[in-house]
Amino acid sequence: MLELAFIRANPEIVKDAAKRKRVDIDIDALLALDTDVLETRREIENLRYRQNQLSKEIQAAGKDQALREKAIADGKDIAAKLKETEPTLKSKEDRLRDLLLRVPNIPDATVPDGKDDTENVEVKRVGTPTVFDFTPKDHVALMQHLDMLDVERGVKVAGSRSYVLKNDAVRLELALFQLTLDTLMKKGFSPLTVPALAREFCFIGNSQFPRGREQVYKLAQEGDEENEPDLFLVGTAEVSITGMFSNEILDYKELPLKFAGLSPCFRKEAGTYGKDTRGILRVHQFTKVEQYIICENSHEESVKWHETLLANAEEVVQALELPYHVVVVCTGDLGDGQVKKYDIECWVPSENTYRETHSDSYFHDYQARRVNIRYRDAEGKVRFVHTLNNTALASPRILIPLLENHQQADGSIRIPKALQSYLGGQTTIVPRNS
RNA sequence: GGAGAGGUCGCAUAGAGGUCUAGUGCGGCGGUUUGCUAAACCGCUGAAGGGGUUACCCCCUUCCGAGAGUUCGAAUCUCUCCCUCUCCGCCA
């Protein structure tokens, strides 16, 4: 979230940001409520001040009953007034907080304006779309041929957008995660496995809530709806890692914190009916290694890490020998909290296009304010940290470009060199009984 | 799931209706001393919001796990919730 003082001082910048991000929010109403809250709070502070004075008078009165009773009577008046005003303030503050949580972050000046993902702008292209001297198969056909996938039975168990990985797909997935973790560990990232179940504040802090709540699975206890646990399934380890440091004051010497968070990820994919229904591109459950950075409160630091995280992800993609491009995501396709976002999209031959496999964002202190992650800088000043995150590798989605780009005429799959050592030296995936 | 104990300033601990403007110790910061280090001694020591001065000083309010209640007044009493620990049961 943005600092209230900033919104007060720069309402036009905030309104413009919301407009560019296609977010509907009434900043003037927010500011009016803010003024109201300040006035009400001042009123209460004055009452409390008098109350504190009276408390001292009552003590000072000692055995002087008349004085004492007079002060107590006055105190009762004030208590009554407070009892009336305090709930008013509380409800105003709650409403203000709720509005504030919906104010989007300001997109960077370098972010192109646009309405949705069709207006994202390519900034870099690496490799060239794979050319085949035979008719290539799509990943579903390949995986069926190689006995790596069972969608029908996955759906039987858990409904649409579910799947079962089999045999070499499982080994391949594990190898991919190991390669990814090793790559990041060499760069000083600490691997984490984090809770896939998280409390509400983590999602609010992350800015997945309140907008985007419909994409998240909530846990309910059967027959105990009254005492439902405040737990949700995370859509990314980012949610858990953000929550990990809530309400902490770190030391600047500890920063930056660099994590590679491995977790299962769950997404409802509400509103995507009929979209990407074939195969394993868009599924309710997947596994992801997420890069996560907590750094000092400096735009330059954020930009530096944003580029570094992109480079790290590219290194993984390049190790997998995949053609890809990088797009800078336009304002309309940017999340509420994001200042700027790059997506890496890998070439998918069966669709004859690039598809998103990685997403690299920075937030300035937008998330840090929401979950209250601060640090003491070199001068001893307490400041909010900056947070960033980027996919390092998400599976099974990455299997799509991996298998499709490396397929060979006989339906086997060439395993990229960097992966081979993680698969016991295996160089190709071939049908099980051949 | 059952029984018990507990959550106080970075850490440790005191505090049991008004003397709490939350004490003390450790740590940290600054100083004295010193060839250097250590010790000793002295001083300082959190967060949020608002206001005054305008510089980084002062004032006010809030914060003792969270919320509600009792009271003129709550760290302290009551209730609900959250969390941690110990023991038992169950369990990969």
Side-chain angles (χ1 to χ4, degrees), chain A residues 1-9 30-31 33-101 193 195-205 219 221-232 240 243-255 264 297 365 368-385:
Chain A
M1 87 192 147
L2 297 175
E3 189 182 8
L4 250 176
F6 177 86
I7 304 177
R8 282 176 204 143
L30 185 151
L31 287 173
L33 185 56
D34 173 48
T35 307
D36 193 6
V37 163
L38 285 182
E39 275 168 15
T40 312
R41 192 179 290 150
R42 202 157 305 156
E43 198 181 313
I44 283 179
E45 281 182 7
N46 287 335
L47 285 170
R48 290 219 179 105
Y49 179 68
R50 282 224 48 213
Q51 190 173 57
N52 291 343
Q53 297 305 314
L54 277 173
S55 184
K56 281 173 196 159
E57 280 173 35
I58 291 167
Q59 290 169 66
K63 296 211 173 75
D64 188 336
Q65 280 304 322
L67 210 74
R68 201 179 159 81
E69 272 161 33
K70 166 87 173 64
I72 287 177
D74 287 351
K76 278 190 181 175
D77 283 350
I78 289 179
K81 271 183 202 145
L82 276 172
K83 200 158 193 165
E84 206 177 296
T85 320
E86 275 173 342
T88 317
L89 177 64
K90 180 89 172 63
S91 80
K92 285 174 186 169
E93 283 174 337
D94 287 349
R95 269 191 292 145
L96 182 63
R97 164 98 184 163
D98 191 61
L99 272 176
L100 207 49
L101 286 176
T193 61
L197 289 170
R199 294 174 186 281
E200 189 176 33
F201 79 88
C202 303
F203 292 82
I204 292 171
L219 258 64
Q221 202 100 3
E222 232 176 300
D224 193 16
E225 280 78 10
E226 287 291 308
N227 296 308
E228 269 182 21
D230 170 30
L231 284 174
F232 303 78
S240 309
M244 280 171 66
F245 295 93
S246 65
N247 293 320
E248 293 196 26
I249 299 180
L250 306 164
D251 192 278
Y252 75 97
K253 288 180 194 135
E254 306 172 61
L255 304 178
N297 192 308
D365 59 12
R369 280 181 191 282
R370 291 174 159 241
V371 265
N372 198 27
I373 308 176
R374 293 169 295 172
Y375 71 104
R376 223 174 285 277
D377 69 13
E379 281 79 49
K381 235 183 111 191
V382 175
R383 313 184 65 189
F384 287 100
V385 297

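Below, chain A is the first sequence line, B the second, and so on; all start at residue 1.
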B/rC20 and B/rG15: how far apart are their C1' atoms, nearest whole angstrom?
9 Å
May I ask which nucleotide in the shown strands pairs with B/rU61, Watson-Crick or G-U wobble, both distances under 3.5 Å?
B/rA48
B/rA47 OP1/OP2 closer than 4.0 Å to side-chain N/O of A/Arg376
yes
Would you say that A/Ile72 contacts A/Ile58 through its side chain, given a criterion of any heavy-atom pair below 4.5 Å between the two side chains?
yes
Distance between the P atoms of B/rC81 and B/rG2, in whole angstroms?
12 Å
Is B/rA14 paired to anything, Watson-Crick or G-U wobble with both distances less than 3.5 Å, and if yes, which nucleotide?
none
Taking the nucleotide of RNA chain B with the nearest heavy atom to each, does A/Asn46 or A/Ala79 sit closer to the 5' end?
A/Asn46
Sticking with atom C1', work out how far B/rA3 lies from B/rG89, rounded to a whole angstrom.
11 Å
Of the listed nucleotides (B/rC60, B/rG18, B/rG73), which one gets closest to any side-chain atom of A/Glu45?
B/rC60
As its Watson-Crick or G-U partner within any shown strand, both distances under 3.5 Å, B/rA38 has none
Taking the side chain as everything from C-beta on, heavy atoms only, tell me whether A/Ile7 gets closer than 4.5 Å to A/Leu100.
yes
Interatomic distance where CD belongs to A/Glu86 and C1' belongs to B/rU71 [whole Å]:
14 Å
Paired to B/rC29 by Watson-Crick or G-U wobble criteria (both distances under 3.5 Å) is B/rG43
Mind checking A/Lys70 for me? I need base, sugar-phosphate or nothing, with any heavy atom below 4.0 Å counting as a touch.
nothing
Interatomic distance where OH belongs to A/Tyr252 and P belongs to B/rG10 [whole Å]:
19 Å
Which is true for A/Ile78 with a 4.0 Å heavy-atom rule: it touches a base, it touches only sugar-phosphate, or it touches nothing?
nothing
Quick check: on RNA chain B, is the nucleotide nearest A/Gly75 upstream (toward 5') of the one nearest A/Ser55, or the reverse? Name the residue that is more 5'.
A/Ser55
B/rC72 C1' sits how many Å from A/Tyr49 OH, rounded?
18 Å
Between B/rC72, B/rU62, B/rU70, which nucleotide gets closest to the side-chain atoms of A/Arg48?
B/rU62
Compare side-chain N and O positions of A/Asn52 against OP1 and OP2 of B/rC60 and report whether any pair is under 4.0 Å apart.
no
Nucleotide paired to B/rG1 in any strand shown, Watson-Crick or G-U, under 3.5 Å
B/rC88
Rounded distance in Å - NZ (A/Lys381) to P (B/rG46):
15 Å
Between A/Lys90 and B/rU62, is there a contact of a side-chain N or O with OP1 or OP2 at under 4.0 Å?
no
Rounded off to whole Å, could you give me the CD-to-C1' distance for the A/Glu39 and B/rG50 pair?
13 Å
Identify the nucleotide, in any strand shown, that forms a Watson-Crick or G-U wobble pair with B/rU19, with both distances under 3.5 Å; if there is none, say none.
none
Work out how far the P atom of B/rU33 is from that of B/rC42, and round it to whole angstrom.
16 Å
Whether A/Arg8 contacts B/rG50 is assessed here as follows: a side-chain N or O lying under 4.0 Å from the phosphate OP1 or OP2. Is that the case?
yes
Is any side-chain heavy atom of A/Arg95 closer than 4.5 Å to one of A/Lys90?
no
What is the nucleic acid contact for A/Ala71, judged by heavy atoms within less than 4.0 Å: base, sugar-phosphate only, or nothing?
nothing
Using atom C1' of each nucleotide, how far apart are B/rA47 and B/rA39 to the nearest Å?
34 Å
Strictly by Watson-Crick or wobble contacts shorter than 3.5 Å, is anything paired with B/rU80, and which nucleotide is it?
B/rA66
OP1, OP2 of B/rC83 versus side-chain N and O of A/Arg199: anything below 4.0 Å?
yes
For the C1' atoms, the ones on B/rG7 and on B/rC64, what distance do you get once it is rounded to whole angstrom?
10 Å
Can a side chain N or O of A/Arg374 be found less than 4.0 Å away from OP1 or OP2 on B/rA48?
yes
A/Arg42 CZ - B/rU62 P separation (whole Å):
16 Å
Testing the 3.5 Å rule here: is there a donor-acceptor pair between the side chains of A/Asn372 and A/Arg374?
yes
Using a strict threshold of under 4.0 Å (side-chain N to carboxylate O), is an ion pair present between A/Lys70 and A/Asp74?
yes
A/Ala368 to A/Phe384 - nearest heavy-atom pair and separation:
O-CD2, 3.6 Å
For B/rG46 and B/rG30, measure between their P atoms and round to the nearest Å.
15 Å
A/Ile249 CD1 to B/rC9 C1', straight-line distance once rounded to whole Å:
11 Å
How close or far is atom C1' of B/rG73 from atom CD of A/Glu57, stated in whole angstroms?
13 Å
Taking all heavy atoms of A/Pro87 and all of A/Leu82, pick out the closest pair and write down the distance.
CD-O, 4.1 Å
Does A/Asp251 pair with A/Arg376 as a salt bridge, N-O distance under 4.0 Å?
no
P spacing across the pair B/rG6 / B/rU19, given as an integer number of angstrom:
25 Å
